[in-house]
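The basis for the numbers below is simple: all heavy atoms, side chains too, and nothing from hydrogens, waters or symmetry mates.
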Amino acid sequence: MQIAAFVNDQGQVAGFFDKGSVRLFEGSAGAWTLKTDILVDRQEATGLSAVKDALNSIVAHLDETAVFLAKDTRGLAYALLDDMGYRVWKSEGALSDQLDLVARKEQALAKEAPKAAAPGCSSGGCASGRAKKVECAAAPPPPPPPPPEDLGNGRYRLDLGAILAGDTRLNARVALLPVLQEKAFISLEILCDHLPRWFDQELAAVGLRADPPHPRENGPGLRVIVFAPAETAPASGEPS
C-alpha cells in the first residue's frame, strides 16, 4: 500500500500548512520504503485555488490506493482530499509507528468491507475521480451520521466539521445531503470548515434557500442557515 504522510522539517507527522514535505511510503507494516519526497510549498497555499493546485501536485505522484497521514483532519485541504476520494488518517508521534498504525487500520477496514462491490458500483466506478472508484469498492459503508441537534420550534443545528472529524469514513455528502433532502426543519444551521462544492446545486434541487455563509462567532469555520419552504416545513408548534 501507499501512504502519503505530511511531515515537518523534523520528520514528524504534520498538518497540511506546516512547513515540510509529503513523504510517499510504499510497503506494509514493519517494511516501508520511502518512494519519494514530494516538495510542495503548502504554506503559501492561502486560497481555494492555491490549495487545489498544491493537492493536485501531490496526488499526481500517488496510485489509486493511497491514503494520507496527517496530524489533523479538519480544514479545507482535508475536505478537498475527501471530495477527491482520499482517506486521511489523523495521528501523531514517531513516523514509523504511525505508518504501521495506519496500515493496521486499513487492514481492519478491508476486513469489514463486503465481498461484493457496493450497490450501484461497476467497473466504471460510482463517482468521478480515480480514487472514488477504489473507495467505493474497498471501503465499508460508513455508519449512520449523527442527526442534527434539535434547538426547538423546527430549528436544528448540524456541526458538519465535528461529524467529519469524529469519523474519517464519513463525508459531507453522507452527513448533510439526506438532512437537506428530508427537509424536516424550518431552519437548519450548518457549522463547517467550508461548504461542499455541490452545496448550492443540491440546495436548489430540493427547493431550499440559504443565507450567505458567515464566519463562526466562537471558532474557526463558517456558519450558514438553510430555510425550508413554508409548504414543506414542519409545524413549529407556535401560533403564527
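The side-chain heavy atoms of K90 and V88, taken from C-beta on, include no pair separated by under 4.5 Å. Counting only heavy atoms from C-beta outward, the side chains of Y78 and L55 never approach each other to under 4.5 Å. You'll find the side chain of V226 stays beyond 4.5 Å of the side chain of R209, heavy atoms only. Residues L95 and L69 have side chains in contact (heavy-atom distance under 4.5 Å, counting atoms from C-beta outward). The shortest distance between side-chain heavy atoms of E189 and L191 falls below 4.5 Å.
In this structure, OG in S187 is found 9.5 Å from CG in D211, a value given to the nearest 0.5 Å. From F227, atom CZ reaches atom CG of L208 across 11.0 Å, with rounding to the nearest 0.5 Å. A distance of 11.0 Å separates CG in L188 from CD in E182, rounded to the nearest 0.5 Å. Atom CZ of R223 is separated from atom CD of E217 by 6.0 Å, given to the nearest 0.5 angstrom. Interatomic distance, M84 CE to F68 CZ, rounded to the nearest 0.5 Å: 7.0 Å. Here the straight-line distance linking atom CG of L80 with atom NZ of K52 works out to 6.5 Å at 0.5 Å rounding.
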For this session: In sequence, state the C-alpha distance, the side-chain angles, and the governing distance for S57 and I38, and then conclude on side-chain contact (heavy atoms from CB on, under 4.5 Å).
Result: CA-CA 9 Å; S57 297; I38 306 169; 5.9 Å; no

For this session: Determine, step by step, whether L176 and L158 satisfy the side-chain contact (heavy atoms from CB on, under 4.5 Å) criterion, reporting the C-alpha distance in whole Å, the side-chain angles of both residues, the deciding distance to 0.1 Å, and the verdict.
Result: CA-CA 8 Å; L176 177 58; L158 184 74; 3.5 Å; yes

For this session: Please step through side-chain contact (heavy atoms from CB on, under 4.5 Å) for the pair V67 and V102, ending with a clear verdict.
Result: CA-CA 9 Å; V67 296; V102 168; 3.9 Å; yes

For this session: Applying salt bridge (Lys or Arg N to Asp or Glu O under 4.0 Å), run through R87 and D82 and close with a yes or a no.
Result: CA-CA 6 Å; R87 186 157 40 240; D82 176 75; over 6 Å; no

For this session: Show the numbers, then the answer: is there a side-chain hydrogen bond (donor to acceptor under 3.5 Å, both in side chains) between E106 and W89?
Result: CA-CA 10 Å; E106 284 290 321; W89 291 101; 2.6 Å; yes

For this session: Check the pair V224, H214 against side-chain contact (heavy atoms from CB on, under 4.5 Å), reporting the backbone distance first and the verdict last.
Result: CA-CA 6 Å; V224 61; H214 295 282; over 6 Å; no

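With sequence neighbours left out, the salt bridge (Lys or Arg N to Asp or Glu O under 4.0 Å) criterion links D159 to no other residue.
Formation of a donor-acceptor pair under 3.5 Å by the N153 side chain with backbone atoms of R155 is not found in this model.
Annotation: Y156 is not in aromatic contact with F185 [ring centroid separation under 6.0 Å not met].
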Using a 3.5 Å cut-off and no angle test, enumerate the donor-acceptor pairs between side-chain atoms of residues 5-17 and protein atoms at least two apart in sequence or in another chain.
| residue | atom | partner | partner atom | Å |
| --- | --- | --- | --- | --- |
| N8 | OD1 | Q10 | N | 2.9 |
| N8 | OD1 | G11 | N | 3.1 |
| N8 | OD1 | Q12 | N | 2.9 |
| N8 | ND2 | Q12 | OE1 | 3.4 |

Could you tabulate the donor-acceptor pairs under 3.5 Å formed by side-chain atoms of residues 26-36, not counting sequence neighbours?
| residue | atom | partner | partner atom | Å |
| --- | --- | --- | --- | --- |
| E26 | OE2 | Q2 | NE2 | 2.9 |
| W32 | NE1 | S28 | O | 3.4 |
| W32 | NE1 | D100 | OD1 | 2.7 |

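With salt bridges taken as basic N to acidic carboxylate O contacts below 4.0 Å, none links D83 and R173.
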